[in-house]
Amino acid sequence: MTQFGKGCHLHLIDGSAFIFRAYHALPPLTRKSDGLPIGAVSGFCNMLQKYVEDNAGPDAPTHVAVIFDKGSHTFRNDLYDQYKANREAMPEDLRPQIPLTRDATRAFNIACIEKEGFEADDIIATLARQAREAGGAVTIVSSDKDLMQLVGDGVVMLDAMKNKIIDRDGVFEKFGVWPDRVVDVQALAGDSVDNVPGAPGIGIKTAALLISEYGDLQTLLDQADTVKQPKRRQTLIEKRDQIELSRRLVQLDDQMTMDDVTLDDLEVREPDADTLLAFLTDMEFRTLTKRIAISLNAEAPAIPQTAPQAATTEEAPDLPPIDPAAYVWIKTADDLTPFIAQAHQRGWVAVDTETTGLNEMTCDLVGVSLAIEPGQACYIPLIHRATATDDLFGNDDLAEGQMPLDDALALLKPLLEDPSVIKIGQNMKYDAKVLSRYGIGITPIDDTMLMSYAMHAGLHGHGMDTLSDRYLSHTPIPIKSLLGSGKSMITFDRVPIENAVKYAAEDADITLRLWMLFKPQLHRARVTRVYEGLERPLVPVLADMERAGVQVDRETLSRMSNAFSQKMAQLEDEIHELAGEKFNVGSPKQLGEILFDKMSLPGGKKGKTGAYATGADVLEDLATEHDLPGRVLDWRQISKLKSTYTDALQGHINPDTGRVHTSYSIAGASTGRLASTDPNLQNIPVRSEEGRRIREAFVAPQGRALVSLDYSQIELRILAHMADISALKQAFRDGLDIHAMTASEMFNVPMDEMTPDIRRQAKAINFGVIYGISGFGLARNLRIPRSEAQGFIDRYFERFPGIKTYMADTTAFAKEHKRVETLFGRVIHTPEISASGPRAGFAKRAAINAPIQGTAADIIRRAMIRMPQAIAGIPATMLLQVHDELIFEVDTGAEDDLIATAKRVMEGAAEPVVKLDVPLVVDAGKGRNWAEAH
DNA sequence: TGATTCACG
DNA sequence: GACGTACGTGAATCAG
């Protein structure tokens, strides 16, 4: 063994870069024998092997190590809590591969270095310094620009993919300064990937210019008042703290204490053929095993041929049939432990919870089912009752053959919370919410409903019955057959356990089979990023929001209900008086007969069911003829407010929390929007004065306030970007009133002569464009002749020809591919696009609207996913989402802090994946209730 | 259960 | 030439 010193050459390989490159470059391979994801490991081994082959010549290194990141919290997070906060979560199928890449490195007999709480870059910096001080040369195998500050003085970088050396000149080419000033440039330019703020408005080019002129960052900041450009000067002076913070973030730490590793430990060693080949064989890499066996002059061990588990075609894989008789009833801890052990070993388990109801906030956990292999599933009954009802004396005994609830949960908790075991479920938000009330934080999760949503939105629903029917050709046991329906319906805890086992375990079995089918399809459908980045991470965020709920004041609602009752009774009397007879004002059928048959008012049109139409637009037209229609409109408005809001909302106040807990469906709307149910809190009135007062009942508790932030004109901004309309984009950049600007363009009216009416018409056209405009629709909306509306549209297309092109391109794309996409890759299928008749019109307009509405939905999803981390230091809770608005509750005094932070997250939510040509603007409000905050 | 109506973005 | 239309949702109500 030689002492590291002069003549030695150390190679430091950036392991994380290898892993991510391998993961993204390769399709999602799985180990054939058991389905373990191994695509990244395979790519990693190939890259290591290629590296070894490429570096065997006279320049071969004498010492080598692969360096990995370990842990997510580093000293940089202590400096700046937003450091790397933009990072998307590690894909679920990559996580189990991380330890395997360490194993692979060791199998190649290469030193493998990681240190808790340190980034690989700092370890590399430290080892490089040590090697230089000992007189050796260093090559850093990476193309990461963050490492370029280390280049020079015997240190070079090697881009292993391009096999290209990056030396001082290469760094100068990239940064415009020599390596010793790279951190200064990075500190100014910032980095959106790592979320290093830098100086706003200054990029690498400007930064390099400034640094070259002033020599270094310190001098530049000290003499910032001499910078000629006023904007730069102002930024440098005002953002000095932020820039200095950025410098500390990008500066690598080369003074780490590496007490357990010395350079001498890194000496190049020949791989041990048996060890390496055993590892590769175990991974079942056939080609690579053979290739390496040849290079090592060794015999390649045989890899047993096993039947492929997940089929590569669309056919269902060859699996045991679904057989409810084969499922296991777990009665004791001894029955359960083997299942749990197997789940740990496998790295995944399908989970389903059974409860006494559908409301996760109030129902009780009745049992849990698990599935580990197709056909191999069990059910753990927990509180099933012995009889169908309690007896006359109120006795209600538990059934035999159940584990005590606490014992079962104590055994399950470590499994459900184990970060190395994926918990698979269908609509996991439900199970996560139920389990969280029992002190279990289930993680990490995979969700078959969301996988289907990512792949099949627009094609069909994503409930388990639909998916099982379609993709497994199996109809699950209907829940009705166990619970009955209507008045005699029972709760799940009254279902005899032998029946419950069949039903519940089947659900877990089906979920597991769907997962095995869908998981490899995500990559092929090119929606892995959508699923991993927009669907899966939203589950815990929404679960927390729903559990938090919003405080609603029953007194306020009840007072309003009473007032509405009186007003309705009064209006009813007037209506009956005007009609000359009593009838049910709430019955469109009776109303139609009164209006058109008895009173013979004009415009009576019957729909396909033979009933007169009595919608608001019809009644508004009739209001000029008679007093009655107007009264009915008033009555309807109040009736709506009372029944749907002031009355129904009171019934949704949870008695335990005093708050209303909505439920968001993630996979409901085809465009990517959320939908709110039980109750729907996305349609609380705001447009009418009376309706808006209902928002006064949504309050913050004592000592807190509500804060609302909403995107301004987000869909029009997205349209301007996607259709690339320079006039609209410029208007948004200039912060103009977009509807007034449109009106000015279309009607040749100067902005300072704009009237509200002209602006209103332009606004209607702008909205019409988003919805897939038609002359008829615009005419009806604006109540103008159809020919005039068509004239507006023609003129609009003349002024903004890009819009017409965009619409034509979008429909052509939809026709060709039977789908459209958002800027973030969300896929919305449009199967009806080639239909004939009126359905074609619907499909076409939907296809035009979906990418715009969907992109807006993607953006706010991204903001919501980042929000919990971003506001972690503020005493605030995110409560509600209303498509382009987020509502928070916050301690009084911290409102402005929250607004600043949440605004930053929302306005930057598209980045770094999409760089919009228009700014996103968020407006904010605060108050004691929602009416004040909005 | 389906149609109608109307609340929201 | 006629069809029928703005896009996306959920809830309450009536009527069969």
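Below, chains carry the letters A, B, ... as their sequence lines are ordered, and counting in each starts from 1.
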Does this structure show an ion pair linking [X] with [Y], if we count only N-O contacts that are shorter than 4.0 Å?
{"X": "A:K582", "Y": "A:E572", "value": "no"}
{"X": "A:E620", "Y": "A:R780", "value": "no"}
{"X": "A:E690", "Y": "A:K640", "value": "no"}

Below the 4.0 Å mark, does [N] have OP1 or OP2 next to a side-chain nitrogen or oxygen of [X]?
{"X": "A:K642", "N": "C:dA12", "result": "no"}
{"X": "A:R673", "N": "B:dG9", "result": "no"}
{"X": "A:Q590", "N": "C:dA15", "result": "yes"}
{"X": "A:N849", "N": "C:dA6", "result": "no"}
{"X": "A:R845", "N": "C:dT5", "result": "no"}
{"X": "A:T614", "N": "B:dT5", "result": "yes"}

Compare the minimum distances between each of [options] and the side chain of [X], then state the nucleotide with the smallest one.
{"X": "A:S665", "options": "B:dA7, C:dG10, C:dG8", "answer": "C:dG10"}
{"X": "A:S670", "options": "C:dG8, C:dG16, B:dC6", "answer": "C:dG8"}
{"X": "A:H883", "options": "B:dG9, B:dC6, C:dG10", "answer": "B:dG9"}
{"X": "A:R786", "options": "C:dT5, C:dC14, C:dG10", "answer": "C:dT5"}
{"X": "A:S774", "options": "C:dA6, C:dT9, C:dT5", "answer": "C:dT5"}
{"X": "A:P588", "options": "C:dT13, B:dT5, B:dC8", "answer": "B:dT5"}
{"X": "A:S587", "options": "C:dA12, C:dG10, C:dA15", "answer": "C:dA15"}
{"X": "A:Y771", "options": "C:dG16, C:dC14, C:dA6", "answer": "C:dA6"}

Name the nucleic acid region contacted by [X], choosing base, sugar-phosphate or nothing; use a 4.0 angstrom heavy-atom cut-off, strictly under.
{"X": "A:A847", "answer": "nothing"}
{"X": "A:D710", "answer": "nothing"}
{"X": "A:G615", "answer": "sugar-phosphate"}
{"X": "A:D884", "answer": "sugar-phosphate"}
{"X": "A:F842", "answer": "sugar-phosphate"}
{"X": "A:A850", "answer": "nothing"}
{"X": "A:N680", "answer": "sugar-phosphate"}
{"X": "A:A648", "answer": "sugar-phosphate"}
{"X": "A:G768", "answer": "base"}
{"X": "A:I773", "answer": "base"}

Determine whether any donor atom in the side chain of A:K640 lies under 3.5 Å from an acceptor atom in the base of B:dC6, or the reverse, and answer yes or no.
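By the distance-only test, yes, there is a pair.
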Is it the case that the base of B:dG9 and the side chain of A:R687 share a donor-acceptor contact (distance under 3.5 Å, atom types as modelled)?
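When only heavy-atom distances are counted, A:R687 does reach the base of B:dG9 through a donor-acceptor pair under 3.5 Å.
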Using every non-hydrogen atom in the two residues, find where A:N781 and A:A764 come nearest and quote the distance to one decimal.
OD1-CB, 4.1 Å
For [X] and [N], what is the distance between atoms [atom1] and [atom2] respectively, to the nearest whole Å?
{"X": "A:Q637", "N": "B:dC8", "atom1": "CD", "atom2": "C1'", "answer": "14 Å"}
{"X": "A:R861", "N": "C:dG8", "atom1": "CZ", "atom2": "P", "answer": "16 Å"}
{"X": "A:L649", "N": "C:dG10", "atom1": "CG", "atom2": "C1'", "answer": "13 Å"}
{"X": "A:K844", "N": "C:dT5", "atom1": "NZ", "atom2": "P", "answer": "17 Å"}
{"X": "A:I684", "N": "B:dC6", "atom1": "CD1", "atom2": "P", "answer": "18 Å"}
{"X": "A:Q761", "N": "C:dA6", "atom1": "CD", "atom2": "P", "answer": "19 Å"}
{"X": "A:W930", "N": "B:dG9", "atom1": "CH2", "atom2": "C1'", "answer": "11 Å"}
{"X": "A:E832", "N": "C:dT5", "atom1": "CD", "atom2": "P", "answer": "15 Å"}

Using the ring pair (Phe, Tyr, Trp, His ring centres under 6.0 Å) rule, take A:F792 and A:Y796 through it: C-alpha gap first, then chi angles, then the decisive distance, then the call.
CA-CA 6 Å; A:F792 284 179; A:Y796 187 91; over 10 Å; no
Are any of the side-chain heavy atoms of A:Q426 and A:M449 separated by less than 4.5 Å?
yes
Sort out the partner of B:dC6 for me: Watson-Crick or G-U wobble, both distances under 3.5 Å, none otherwise.
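Pair assignment: B:dC6 / C:dG10.
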Determine the Euclidean distance between corresponding [atom1] atoms of [M] and [N]; express it in Å to zero decimal places.
{"N": "B:dC6", "M": "C:dA2", "atom1": "P", "result": "31 Å"}
{"N": "C:dT5", "M": "B:dA3", "atom1": "P", "result": "13 Å"}
{"N": "B:dT5", "M": "C:dA6", "atom1": "P", "result": "13 Å"}

For DNA chain C, whose closest nucleotide is more 5', that of A:T671 or that of A:T677?
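First, find each residue's nearest nucleotide; the 5'-ward one identifies A:T671.
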I'd like to know whether A:Y806 forms a ring pair (Phe, Tyr, Trp, His ring centres under 6.0 Å) with A:F813, so could you lay out the CA-CA distance, the side-chain angles of the two residues, the decisive distance to 0.1 Å, and finally the verdict.
CA-CA 10 Å; A:Y806 166 78; A:F813 185 95; over 10 Å; no
Once the angle between the rings of A:H462 and A:H456 is folded into 0 to 90°, is it parallel (under 30°), tilted (30 to 60°) or perpendicular (over 60°)?
parallel
